Amino acid sequence: MESNQTLVRSPMIEGALTTDVNPILIGQIDSIAQPEEATRMSSSSYEFETIVLGAGPGGYVAAIRAGQLSAEMGGKVGCIEKEFLGGTCLNWGCIPSKVMIANAERYQHVLHAKDMGVQVNGDVGYDFAAMQARKEKVVTTLRGGIANLFKKHKIEHIGGTGKLVDPNTIEVIDDKGGKRAITAKNIIIATGSRAIKLPIPGLDGENVWTSDDAVNAPFVPKSMIIIGGGAVGLEFAYVFNAMGSKVVVLELMDQIVPTMDADIAKEAERQLSRQGIKIMTGASAKSAERVKGQWQLQIETGKGVEMLEAELVLLGVGRKPNIENIGLEELGIKTHQRGIEVDPFMRTNIANVFAIGDCTGRIQLAHVASMEGIFAAENCYGLSRQMDYKAVPNVVYTVPEIASVGLTEKEAKEQGYDLRIGKFQPGSLGRAMAVNERGGIVKVIADSKYGEILGAHICGPHASDLLQEAVLAIKLEATLDDLAETIHPHPTLTEALMEAFHDAAGHCIHKM
């Protein structure tokens, strides 16, 4: 449904700064200065048609899509990676953390099996080393899968660190110091990001982890303070609390997952607190001191200053783009405060140089990087594909999960929409009771004029799976009538969304 108002979503960045808010609003960079034409050699002089710098979820996907296109149109494709195929997401982020969450959740299921009439004889425990070994096996299996896809699509994997020396040349230095100059007609920069270390006075040394350290944790600490209440901080809070750690989460803003809808954040805090996680919002660490093998942190809150003590401190406040020392300044490639500046075609101000994923500072989510990679690759081969960020799903994989797409209630009101809002508690569904999942809330937001779905927000079991119906609804500009008149299977958890749509339309059947 067309509207004279523009959906602009302040994106949630997976593990962004403590606020998890990207100051560059999506859609704000609709265009940049007209790209400068690169000085090009004849096409036959290039070693590669397209070269990708970085093999994360954006880079390797871009390389594969370019490989598919090169099979049709000709030209060789290469991908430069200094560490492991799959980048942060596969090796230190999305995948290993989700394996750890699954391990912790399964352990909790066994601990509470008696709630469903299942008897477990003897003591229930876990082998953390075996859990971590399983995580590593999943990672290496998927990493090998990418290598096989590269072979299938005839993509050359080039090991080493790359730096642009001109618009058509990247110099690669391998781990032995050897140098290779690679020429390409098109270059896609996909250098990703790295974990941020906060400059808290005194906080340095033993038992101070970033998210990269946490996924490779050699032990479960007895107690830990997690700085950052966004996706990264909360996911590790769930894992280590479930494994027996005493966990405190500090969040600078007045709610956890600050970019999420306030009602969803409130329910998430309630659910996580019930599990034993202590959550402190409006709190910041001012200094730290190591005393007798423990960290003592001075915490400033709205109520004053207090001291917290824990065996370990985990910094879960976000990531910063890897854009240093890759030749941007020398080539005059434009950047902003959060990364490389690109237009909706993922093109920099140099016509044949593209940038995707975390290094652009737009939305630091793997699935966004992958789509940007596909579009950038297609644009390298003469297509004209523009990114659309209106329907970007965001998920925090705690238990219960937290998922969101589109506008929050606050954002929609700020943009001048007259709203119709529907809410439903999935715990009242027959399927939720059957599987013993009783908490959570589903909230949908629609424009009252046309009934267009503007946002959907879920805290509850399988929220990441349920959300996709709303993602598609926003993408296709579906209305409340469209969704309310869609038959949902019974008994399922998807009925929670159906009931929320009915509630927004004014005729919810099962709302108590």
Side-chain angles (χ1 to χ4, degrees), residues 5-13 16 21-40 49-54 56-63 65-66 69 73 77 162 164 166-170 184-193 320-324 326-392 474-475:
Q5 292 167 295
T6 302
L7 291 178
V8 180
R9 177 77 164 101
S10 180
M12 171 182 154
I13 310 166
V21 176
N22 186 341
I24 301 174
L25 297 180
I26 298 174
Q28 192 173 31
I29 309 178
D30 287 330
S31 61
I32 60 177
Q34 185 67 26
E36 301 168 9
E37 283 296 332
T39 302
R40 299 191 174 210
E49 180 73 15
T50 301
I51 191 78
V52 182
L53 181 58
Y60 89 75
V61 169
R65 183 65 184 123
L69 291 166
M73 304 180 187
V77 176
L164 283 76
D166 67 46
N168 297 101
T169 307
I170 297 179
K185 183 178 180 181
N186 300 294
I187 294 173
I188 300 175
I189 302 171
T191 47
S193 63
K320 63 185 299 184
N322 292 323
I323 58 174
E324 300 89 353
I326 61 172
L328 301 182
E329 292 183 1
E330 292 86 343
L331 267 66
I333 294 176
K334 295 181 179 179
T335 61
H336 47 66
Q337 61 179 347
R338 293 196 61 85
I340 300 171
E341 190 171 325
V342 292
D343 65 13
F345 302 91
M346 308 313 300
R347 186 182 289 111
T348 70
N349 57 300
I350 296 180
N352 65 300
V353 179
F354 299 77
I356 62 171
D358 286 8
C359 69
T360 69
R362 284 190 164 189
I363 308 177
Q364 292 181 332
L365 292 170
H367 43 280
V368 173
S370 294
M371 186 61 73
E372 290 175 342
I374 290 171
F375 280 23
E378 292 178 348
N379 290 334
C380 286
Y381 287 82
L383 302 178
S384 184
R385 303 296 301 277
Q386 295 189 55
M387 281 296 299
D388 176 8
Y389 298 98
K390 185 172 71 171
V392 174
I474 292 174
K475 176 69 174 177

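Just so you know, these numbers use all the heavy atoms, side chains as well, and skip hydrogens, waters and symmetry mates. Because the structure is a prediction, the values reported are computed rather than measured.
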(request) For Met371, look at atom CE and say whether over 12 heavy atoms of other residues, nucleotides or ligands are found less than 6.0 Å away. (result)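 No, because the 6.0 Å sphere around CE of Met371 holds 12 heavy atoms or fewer from other groups.
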(message) Ignoring hydrogens and geometry beyond distance, is a side-chain donor-acceptor pair present between Asn322 and Thr191 at under 3.5 Å?
(response)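 Side-chain D/A pair, Asn322 to Thr191: absent.
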(message) Determine whether Tyr389 and Glu372 satisfy the following criterion, side-chain contact (heavy atoms from CB on, under 4.5 Å), listing intermediate values before the conclusion.
(response) CA-CA 10 Å; Tyr389 298 98; Glu372 290 175 342; 2.5 Å; yes
Can any side-chain N or O of [X] pair as donor or acceptor with the backbone N or O of [Y] at less than 3.5 Å?
X	Y	value
Asp343	Gln386	no
Thr50	Asn186	no
His336	Thr360	yes

[atom2] on [Y] to [atom1] on [X], rounded to 0.5 Å:
X	Y	atom1	atom2	result
Arg347	Cys380	CZ	SG	8.5 Å
Arg65	Phe375	CZ	CZ	10.0 Å
Asn168	Ile51	CG	CD1	12.0 Å
Arg338	Arg362	CZ	CZ	13.0 Å
Thr348	Leu164	OG1	CG	9.0 Å
Glu329	Lys334	CD	NZ	15.0 Å

Return the minimal non-hydrogen interatomic distance between [X] and [Y], and the atom names on each side.
X	Y	answer
Ser370	Pro57	OG-O, 2.8 Å
Gly162	Ile326	O-CG2, 4.1 Å
Gln364	Asp358	CA-OD1, 3.1 Å
Phe345	Arg385	CD2-O, 3.4 Å
Val52	Ala190	CG1-CB, 4.3 Å
Ala377	Ala62	CB-O, 3.5 Å

(request) Determine, step by step, whether Asp388 and Lys475 satisfy the salt bridge (charged side-chain N to carboxylate O under 4.0 Å, His left out) criterion, reporting the C-alpha distance in whole Å, the side-chain angles of both residues, the deciding distance to 0.1 Å, and the verdict. (result) CA-CA 9 Å; Asp388 176 8; Lys475 176 69 174 177; 3.3 Å; yes
(message) For a 4.5 angstrom cut-off between non-hydrogen side-chain atoms, does Ile187 reach Pro167?
(response)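 A side-chain contact under 4.5 Å is absent here.
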(request) With the side chain counted from C-beta on, respond yes when Lys185 and Asn352 share a heavy-atom pair under 4.5 Å apart, and no when they do not. (result)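 Side-chain contact under 4.5 Å: no.
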(message) Cys359 and side chain to side chain contact (heavy atoms under 4.5 Å, CB included): which single residue from Val342, Thr335, Ile189, Leu53 fits?
(response)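 Going through Val342, Thr335, Ile189, Leu53 one by one, the side chain to side chain contact (heavy atoms under 4.5 Å, CB included) with Cys359 is satisfied by Ile189 alone.
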(message) Before you tell me yes or no, could you show the steps for Lys390 and Ile474 under side-chain contact (heavy atoms from CB on, under 4.5 Å), namely the whole-Å CA-CA distance, both residues' side-chain angles and the distance that decides it to 0.1 Å?
(response) CA-CA 8 Å; Lys390 185 172 71 171; Ile474 292 174; 4.1 Å; yes
(message) So, using salt bridge (charged side-chain N to carboxylate O under 4.0 Å, His left out) as the criterion, who are the partners of Glu330 when residues are at least two apart?
(response)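 Only Lys163 meet the salt bridge (charged side-chain N to carboxylate O under 4.0 Å, His left out) criterion with Glu330.
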(message) I'd like to check the side chain to side chain donor-acceptor pair (under 3.5 Å) partners of Asn379; sequence neighbours left out, ordered by chain and number.
(response)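 Partners of Asn379 under the side chain to side chain donor-acceptor pair (under 3.5 Å) test: none.
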